[in-house]
**Student:** 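Take this structure first; my questions come after.
Just so we're on the same page: letters track the sequence lines, and every chain starts at 1.
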Amino acid sequence: MASTSILDDAALPNAPSAASRAAGDVLVCLPTIPADGLPSAFEAIASAFPGESVLVASSNPPNAANEWPSLEFIPYARTLTEVGWVLSVGDYAAAAHIVADRNPRAVILLGDDHAPLNPPLLRSLADAVRTKNVDLVLPRFNLGPNDALVNSALLYPLSRALFGVDIHLPLPVDAALSSRMAQRLLSTTQRLVALNQSSLLLWPVAEAAIAGFSVREIPAGDATPPSPPPSQTDFNTLFTTVASSLFTDIDAKASFWQRARSLPLRTPVTPSASLPELVAASPEIHSMIESFHLAQDNLQEIWSLVLPPQSRLALKKLAQLPADDFTLEPDLWARIVYDFTLAFHLRTLNRNHLLGAMTPLYLAWVASHLRNVADDPTRAAQAIEITAAAFEDEKSYIVSRWRWPDRFNP
Amino acid sequence: MGQQLGQQISSALHQSLHRVVLVLASFLPGILAFLLALVVFTLIGWAISALVRTLLSALRFDDRLASHEAPGSAVFIADWSRSNSPTLLAARVTFWVFVLVGVAIGISAFDASYAVDSSYTVFLLPYVAHVTGAILILLAGSLLSRFLARTVLIGAVNAQLQYARFLSHGIKWLVLVFTAAMALDHLQIGGSVVELAFGILFGGIVLTLSLAIGLGSRDLVSRSIEKNMERPAPPRPTEVPPLTDSTPPRPKLRHF
C-alpha cells in the first residue's frame with residue numbers, strides 16, 4: 001500500500017549543499033509558456049535551485065542560454081489533450097524518456113498553469129523527492145469552499161476509498177516524480193498508447209498505490225489550483241472526459257482495490273456547533289436543483305438501468321423536498337457513484353449516455369454541498385471529509401456489486 | 001332421382017378429397033425437405049459460429065481491432081459491450097448466414113419435390129432476400145432510433161430544456177417512421193401509398209416538432225425577457241454567475 005502524508009516545508013530537512021549534488025539532479029519539464037513569459041520562468045527555476053545545475057525541458061528553449069548558466073535546456077514536446085491544463089499521457093511519456101536518458105533524481109512536471117512559477121514550491125517538490133525518497137509528490141493547493149467540486153465529489157473520495165491514498169487533488173496539474181516513478185509511468189503510458197487510449201488521463205496516484213510507492217502532498221501556500229483555459233470550459237465535455245478516464249482506471253485496477261485496503265482509522269468528523277446552519281438556496285442552487293428535477297422526470301428509464309430501486313426511491317424522495325431542505329446524503333451519493341462505476345464497467349449502456357445521465361446527479365450533489373458549506377472553508381473541508389468517509393464506508397457495496405452484479409440488479 | 005343426385009354429390013366430394021390428399025401427399029416431402037435443410041444448416045452454422053468465436057477469442061480479435069482503430073473514430077470498439085463484442089458479432093453473422101442459406105436451399109428442395117413445372121423458387125427466393133433485408137432495416141432503424149432518442153434526451157436534460165422528452169420522442173418516431181417506410185418500400189408493399197403516407201407522417205412530425213418548439217420557445221423567450229427586465233436570470237448550473245455591484249462578492253463556482 002502506498003504511504004501518504006502531508007509534508008510541511010518546516011518538516012523538510014535543510015537541502016543538501018550544492019556540492020553534494022550531482023549535476024542535473026533535477027529535471028523541470030515546463031508547459032507551453034508564451035515567449036515573453038519564458039525569461040521569468042527560467043529565472044524562477046534558477047532562483048529555486050541556487051548553485052545547482054538543473055535540466056530544463058522546454059518546448060521553447062531560449063536563444064541566449066548563457067543568461068542562466070546553471071540551467072541546461074533540453075527540447076521537449078508537449079501533447080495537448082481535451083483536458084490540456086492537467087498533465088497528459090504524453091507529458092509523462094516525454095518526461096520519462098528524458099529521465100531514461102539523463103537519469104535525474106527528481107523530475108518536476110508542470111501543467112498549463114498561467115500563474116508565475118513559484119520558486120519555494122518548486123524547491124519543496126524537488127526536495128521531497130530527493131531527501132525524503134518520496135516517489136510522487138503533489139502540491140496541495142489552497143481550495144476555497146466552492147473550488148474543484150468535481151474533485152471533491154468524485155476524484156478525491158474514490159481515490160481515497162479505493163486506492164487508500166489520501167491525496168486531495170489526485171488529478172495533478174503539477175507533480176514531482178522519482179526516477180523509478182517516472183519509469184513506472186512510462187510503462188503505463190506505453191500500455192495506454194498500445195491500446196490506443198492515449199487520450200485518457202493518467203492517474204499517477206493510483207499507479208503509485210499499485211506499485212507500493214510512497215506518495216506525499218506538500219502545501220502550495222496560497223496558490224489556488226489552476227482552472228481549465230477558456231477554450232476548455234464546456235462542462236459536459238470536461239466532466240465526461242475526466243469521469244470516463246477515472247472509471248476506466250478503476251476498471252483496469254479492479255483486482256487491486258477489491259482487496260481490503262484502507263487508510264488508518266481517523267477520528268470521525270462531526271460538524272462544528274459554532275458553524276452556521278444550512279443556508280437558504282441561492283438562485284444558483286435553485287438552478288441546479290431544477291436541473292435535477294428535470295432529470296428526475298425524464299431520465300428514469302436510464303437511471304433504472306443503473307441504480308437499484310433503493311437509490312431511485314431515495315432520489316424520488318429527494319426530488320420532493322423543497323429547495324431549502326435539499327440535502328443529498330453522502331452515503332447515497334457514494335452508492336450512486338459506485339453504481340455508475342459498475343455500469344461503466346459492465347457497459348450497461350453507451351458510456352457517453354451513462355456519464356451524461358450522471359451529470360444531473362452530480363449537480364444535485366453540488367447543490368446540496370453548496371447549501372451545506374455556506375461559503376465557509378472550514379465547513380467545506382469537513383463536508384469533503386464526510387463525503388470521502390462515506391465512500392470508504394460504502395466500499396463493501398461496490399466490491400459486492402462488482403463481484404456479483406446480477407444479485408443486485410433491479 | 002334424389003338417390004342419383006346424392007351419389008353425384010358424394011362422388012364429387014370424394015374426388016375433391018382425393019385431390020386434396022394427393023396435393024398434401026406431394027406437399028409433405030417438400031416441407032420435410034425444407035425443414036431438414038433448415039435444421040442441418042442451422043446445426044452447421046452453430047458449429048461454425050462456435051469455431052469462429054473460439055478462434056477469434058484465441059487471437060484476441062477484439063483487442064487487436066481496438067488497438068488498430070483510428071483516433072477520433074465515430075464508433076469506439078472499446079466501448080462495445082461484452083455481449084456485443086466484434087467477436088460475438090462475427091460469430092452471430094456466421095450463424096445467421098448459414099440459417100439463411102438453409103432457408104434458400106430448403107425452398108429450392110421444396111420446389112423440386114413439389115412439382116416438376118412449378119416455379120415457386122423464382123418468386124420465393126428473391127422475396128426471402130427482400131424480407132431479410134427489410135428485417136435488417138427494421139433492426140438497424142430501431143437501434144438507431146433508440147440511440148438518437150437517448151442522446152437527444154440526455155443532451156436536452158443537461159441543457160435544461162423543459163421539452164426534453166418531447167424532443168426525444170419526436171426524434172425516435174421520425175427515425176421509426178422513416179425506417180418503416182424504407183422497409184415497406186424494400187418489400188414493394190403499398191407502392192405510392194406508402195410514399196404518400198410517409199411524406200404526410202414525416203412532414204407532420206417535423207411540423208409538430210417545429211410548432212411545439214417554436215411556441216415553447218416563444219414563451220421561454222418572453223419569460224426570459226421579463227426576468228431580465230426584473231432581475232438578472234439565474235446562471236445555468238455549469239456557468240459562473242456574474243457579479244453585480246449590489247450583491248456581495250461570492251466565491252466563484254469552479255467545477256474543476
**Student:** Counting only heavy atoms not in B:Arg53, do more than 12 fall under 6.0 Å of its CZ?
**Tutor:** no
**Student:** Any chance the rings of B:Phe198 and B:Phe178 have centres within less than 6.0 Å?
**Tutor:** yes
**Student:** Under a 4.5 Å heavy-atom cut-off, does chain B meet the side chain of A:Glu301, its backbone, both or neither?
**Tutor:** side chain
**Student:** Using only non-hydrogen atoms and a strict under-4.5 angstrom cutoff, which residues of residues 168-175 of chain B touch chain A?
**Tutor:** none
**Student:** Exactly one of A:Leu202, A:Leu200, A:Leu201 should register a side-chain contact (heavy atoms from CB on, under 4.5 Å) with A:Val89. Which one does?
**Tutor:** A:Leu202
**Student:** Are A:Phe235 and A:Tyr362 an aromatic pair, judged by ring center distance below 6.0 Å?
**Tutor:** yes
**Student:** What distance do A:Phe340 atom CZ and A:Leu354 atom CG have between them, rounded to the nearest 0.5 Å?
**Tutor:** 5.5 Å
**Student:** Compute the ring centroids of B:Phe147 and A:His353, then answer whether they are less than 6.0 Å apart.
**Tutor:** yes
